[in-house]
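Worth knowing before you read on, the calculation uses all heavy atoms, side chains too, and leaves out hydrogens, waters and symmetry mates.
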Amino acid sequence: MKFKKIWLLALALFFSLFLAACSGGNESGSSDGSSGEGSGGNGGESGESGETAMAEDQSLTVNIKTEPPSLHPGKATDTTSNAVLTQVFEGLTRMDQNGEPQPAMASDIQVSDDKKTYTFTIRDDATWSNGDPVTAQDFADSWKWVLNPDSPDTDYAYQLYPIKGAEAAKTGEGSLDDVGITVEDEKTLVVELKNPTPYFLELTAFYTYFPVNQDVAKSNDEWAADAGEDYVTNGPFLLDTWEHKNQIILKKNPDYWDAENVHLETITMEMVNDENTAKNMYDQGELDWIGDPVDAVPLAAIPQMKQEGTLNISPLAGTYYYSFNTEKEPFTNPNIRKAFALSLNREAIVKNITKGEEKPAMALVPTAIWEENEEGYFEDGDTEKAKEYLETGLEELGLDELPTVKLSYNTDEGHQAIAQAAQDMWKENLGVDVQLNNEEWNVYLDSMSEGNYQVGRMGWNADFLDPINFLEIFETVGGNNYTNWENEEYASLIEQSRSEEDEAARKELLREAEQIFMDEMPIAPVYFYSNVYAHKEYVKDVTVGNLGTIQFKWGYIAEH
């Protein structure tokens with residue numbers, strides 16, 4: 001088989017903006033936006049690293065709001081965990097400052113002419129923080145652990161499904177031995193895909209694809225529960241301390257293969273859930289960064305910060321939405337779901353509440369990927385049509401009026417403000433009483449996963465820049481699909497798109513799938529995200545990508 005060497009792979013699909021998976025994450029109501037007066041996706045406003053003299057003290061303090069649900073790469077599914085994992089681990093590739101995948105743990109990548117076989121050469125100087133060499137076997141075993149049907153809490157296993165035999169292994173219909181992952185030798189990993197996957201090198205930069213030190217993992221099932229000698233990593237930083245629900249401290253990894261380009265010595269991650277408290281800490285110099293992708297700028301502060309030119313707003317490929325539990329009445333009925341979705345005034349929400357240049361969403365896939373979705377599938381705030389759907393839905397359910405509905409969200413100023421607006425809109429436009437319910441992030445995720453909700457706030461940031469990353473969430477019940485909705489025709493279209501090599505034909509299949517999804521309306525999209533954040537002038541070259549990922553690898557503190 002003939003191979004051609006690649007260092008920079010020009011990915012063919014839809015490159016505009018960001019990133020989930022995060023994933024469905026801990027995004028605030030103001031989410032990620034920016035005024036355009038800042039540096040866009042890069043925290044270093046005054047140019048590239050080295051143009052400004054570095055301070056002697058290379059310490060950075062940020063806020064991640066809450067306890068990371070999991071610091072196990074194979075179990076994590078959220079933006080908070082991602083913010084830590086991306087610093088302490090590294091995959092075969094890493095997204096660079098321009099949002100392109102570059103060789104990382106792999107020193108060399110070859111792809112076959114049919115684009116279905118990838119050969120990765122692990123770099124000779126790749127080591128674990130305990131001194132062990134990083135091997136091809138580490139990657140193979142880590143990926144197969146995620147695909148093992150017996151492995152718990154692996155909601156992101158489907159990210160590995162482009163690999164031949166991966167889905168069959170996870171569902172128990174096939175064997176892990178038949179998965180297209182082959183260790184040729186200690187430093188050579190060969191991966192066979194089911195179909196050409198233009199975004200595969202983006203996937204290998206994603207945390208589900210990060211390796212785990214197998215010797216440690218096999219000797220201690222709880223290795224990822226705390227900092228310590230068993231929390232062995234391979235990234236630019238080390239997990240030095242983890243004071244649960246309070247603070248995480250990262251230290252520079254001196255044995256990282258690219259350590260000479262890592263300048264920060266210490267990163268302190270505070271867990272301050274109240275945005276106003278965090279803003280006060282920022283104003284007093286206790287924080288160097290506030291806002292997205294893991295914090296939130298207080299809504300009341302956004303207009304003034306825009307006026308002052310201290311707020312950064314940059315694109316983010318993500319969607320903020322309300323998930324309907326389609327197994328709980330009245331949301332078992334599509335017409336009721338449509339009534340709730342159409343009666344929201346999204347323009348009022350983004351103009352009067354979030355104020356971070358978000359765009360009203362009348363579709364699932366964000367405009368960062370499909371520009372045509374700016375118009376969407378229905379008219380924003382179409383109360384007359386919403387009332388027609390409500391009347392039809394009530395008749396189908398045999399009801400005269402709707403009972404009180406519970407709207408749930410994770411504790412956050414922005415989520416609360418949006419929920420209160422939705423509560424008022426649904427009362428005024430549909431005559432329904434809405435009870436609000438908020439829960440701390442980890443508790444909230446459990447409630448959503450267990451189906452203990454009627455309507456619930458959720459958001460999805462792209463893990464890679466392709467519409468399938470949004471559409472495949474709802475392919476089957478489970479994982480990150482909290483709606484309990486699935487549709488055979490929808491799933492079939494998604495599956496067909498995976499083997500369709502013609503770009504136009506593939507897009508048509510995915511557009512058809514989204515049309516079915518919006519006709520069924522298992523979610524009410526609210527807005528498309530933006531990154532909204534601020535940082536001290538001396539913070540340089542911290543990268544905020546359009547996938548909702550923050551990278552400190554290239555960051556530094558300038559003299560000030």
Next item on the list: Look up atom OG1 in T86 and atom OH in Y207, then write down how far apart they are to the nearest 0.5 Å.
Entry: 8.0 Å
Margin query: Counting neighbours of CG on D502 that are heavy atoms of other residues, nucleotides or ligands and sit closer than 6.0 Å, is the number greater than 12?
Written below: yes
Margin query: So that I can tick it off, tell me whether K507 and E372 are bridged by a salt bridge, with the cut-off set at under 4.0 angstrom between side-chain N and carboxylate O.
Written below: yes
Check: Hey, are D258 and R94 close enough for a salt bridge, meaning a charged N less than 4.0 Å from a carboxylate O?
Finding: no
Note to self: What I want to check is whether the side chains of E514 and W370 have a donor and an acceptor closer together than 3.5 Å.
What the structure shows: no
Margin query: With side chain to side chain contact (heavy atoms under 4.5 Å, CB included) as the criterion, how do H535 and D288 come out once you've worked through the C-alpha distance, each side chain's angles and the decisive distance to 0.1 Å?
Written below: CA-CA 6 Å; H535 58 79; D288 301 310; over 6 Å; no
Next item on the list: Would you name the heavy atoms of P68 and V84 that are closest together and state the gap between them?
Entry: CG-CG2, 4.2 Å
Notebook entry, point to check: If you look at every heavy atom in L238 and T233, which pair is closest and at what distance?
Noted result: CD2-OG1, 3.9 Å
Item checked: Exercise: identify the closest heavy-atom pair between H72 and A224 -> CB-CB, 3.8 Å
Margin query: I'd like to know if R498 and E475 make a salt bridge, using a cut-off of under 4.0 Å between side-chain N and carboxylate O.
Written below: yes
Item checked: ring-ring contact (aromatic ring centres under 6.0 Å, His included) partner of Y156, chosen from Y161, Y209, F206 -> F206
Margin query: Under 4.0 Å between a side-chain nitrogen and a carboxylate oxygen: does that hold for E501 and K115?
Written below: no
Check: Would a distance-only check, ignoring hydrogens and angles, find a side-chain to backbone donor-acceptor pair under 3.5 Å from E184 to T119?
Finding: no
Next item on the list: Mark yes when over 12 heavy atoms from residues, nucleotides or ligands other than K187 sit less than 6.0 Å from its NZ; otherwise mark no.
Entry: yes
Check: Can any side-chain N or O of K170 pair as donor or acceptor with the backbone N or O of N148 at less than 3.5 Å?
Finding: yes
Margin query: Would the distance check show the side chain of Q87 and the main-chain N or O of F552 forming a donor-acceptor pair, the cut-off being under 3.5 Å?
Written below: yes
Margin query: Under a 3.5 Å cutoff, is there a donor and acceptor pairing between the side chains of Q214 and S142?
Written below: yes
Notebook entry, point to check: Which value, rounded to the nearest 0.5 Å, describes the distance between H263 atom NE2 and K553 atom NZ?
Noted result: 10.0 Å
Notebook entry, point to check: So, for G180 and I163, which heavy atoms are closest and what is the spacing to 0.1 Å?
Noted result: O-CG2, 3.8 Å
Check: Heavy atoms, side chains only, cut-off 4.5 Å: are E192 and T117 in contact?
Finding: yes
Item checked: Residue pair D132 / N130, side-chain donor-acceptor N/O under 3.5 Å -> yes
Check: Does NZ belonging to K164 count more than 12 external heavy atoms closer than 6.0 Å?
Finding: no
Notebook entry, point to check: So, is the end of the K536 side chain (NZ or CZ) under 6.0 Å from the ring centre of Y282 and within 45° of the ring's axis?
Noted result: yes
Notebook entry, point to check: Between I468 and S497, is a side chain to side chain contact (heavy atoms under 4.5 Å, CB included) present by the stated rule, with each step listed?
Noted result: CA-CA 9 Å; I468 199 171; S497 75; 3.8 Å; yes
Margin query: Would the distance check show the side chain of N63 and the main-chain N or O of V272 forming a donor-acceptor pair, the cut-off being under 3.5 Å?
Written below: yes
Next item on the list: Please examine the side chains of Y256 and V262, heavy atoms only from C-beta on, and report whether any two atoms are closer than 4.5 Å.
Entry: yes
Check: Given the rule in the side chain to side chain contact (heavy atoms under 4.5 Å, CB included) test, do D125 and D255 qualify, once you have shown the distances and angles that lead to the verdict?
Finding: CA-CA 9 Å; D125 51 354; D255 298 321; over 6 Å; no
Notebook entry, point to check: Where the side chain of Y490 meets the backbone of L471, is there a donor-acceptor pair that is under 3.5 Å apart?
Noted result: yes
Item checked: D240 side, atom CG; I248 side, atom CD1 - distance, nearest 0.5 Å -> 11.0 Å
Notebook entry, point to check: So which heavy atom on Y231 is nearest to which on S129, and how close?
Noted result: O-OG, 4.2 Å
Notebook entry, point to check: Just checking, is any N or O donor in the side chain of N213 or W223 under 3.5 Å from an acceptor N or O on the other one?
Noted result: no
Checklist line | Heavy-atom side-chain proximity of I369 to D466 below 4.5 angstrom | finding: no
Next item on the list: Output yes when a side-chain donor or acceptor of E500 lies under 3.5 Å from a complementary backbone atom of R506, and no otherwise.
Entry: no
Note to self: Between N82 and T549, do the side chains contain a donor N or O and an acceptor N or O under 3.5 Å apart?
What the structure shows: yes
Item checked: Rounded distance (nearest 0.5 Å) linking atom CG of N410 with atom NZ of K65 -> 7.5 Å
Notebook entry, point to check: Taking the side chain from E371 and the backbone from A368, do they hold a donor-acceptor pair closer than 3.5 Å?
Noted result: no
Next item on the list: Determine, stepwise, if the pair L60 / I557 fulfils side chain to side chain contact (heavy atoms under 4.5 Å, CB included).
Entry: CA-CA 7 Å; L60 177 73; I557 304 298; 4.1 Å; yes
Checklist line | Reported CG-to-CG distance for the pair L239 and N253, which is rounded to 0.5 angstrom | finding: 12.0 Å
Checklist line | Check: I290 main-chain N/O paired with D295 side-chain donor or acceptor under 3.5 Å | finding: no
Margin query: Are the side chains of I109 and L92 in contact, using a 4.5 Å heavy-atom criterion?
Written below: no
Notebook entry, point to check: Given side chains that start at C-beta, do those of Y529 and P366 come closer than 4.5 Å, heavy atoms only?
Noted result: no
Notebook entry, point to check: Atom CZ of F200 and atom CZ of F464: how far apart are they, to the nearest 0.5 Å?
Noted result: 11.0 Å
Notebook entry, point to check: Looking just at side-chain N and O atoms, do S175 and D178 make a donor-acceptor pair shorter than 3.5 Å?
Noted result: no
Notebook entry, point to check: Looking at F210 and P73, what are the two nearest heavy atoms and their distance?
Noted result: CB-CB, 3.8 Å
Checklist line | Check: Q159/W143 side-chain N/O donor and acceptor closer than 3.5 Å | finding: no
Note to self: I'd like to know if the side chain of T93 and the backbone of L201 have a donor-acceptor N/O pair within less than 3.5 Å.
What the structure shows: yes
Notebook entry, point to check: D185 side chain to T188 main-chain N or O, any donor-acceptor pair under 3.5 Å?
Noted result: yes
Next item on the list: Indicate the ring-plane relationship of Y533 and W289, choosing parallel, tilted or perpendicular according to the 30° and 60° boundaries.
Entry: parallel
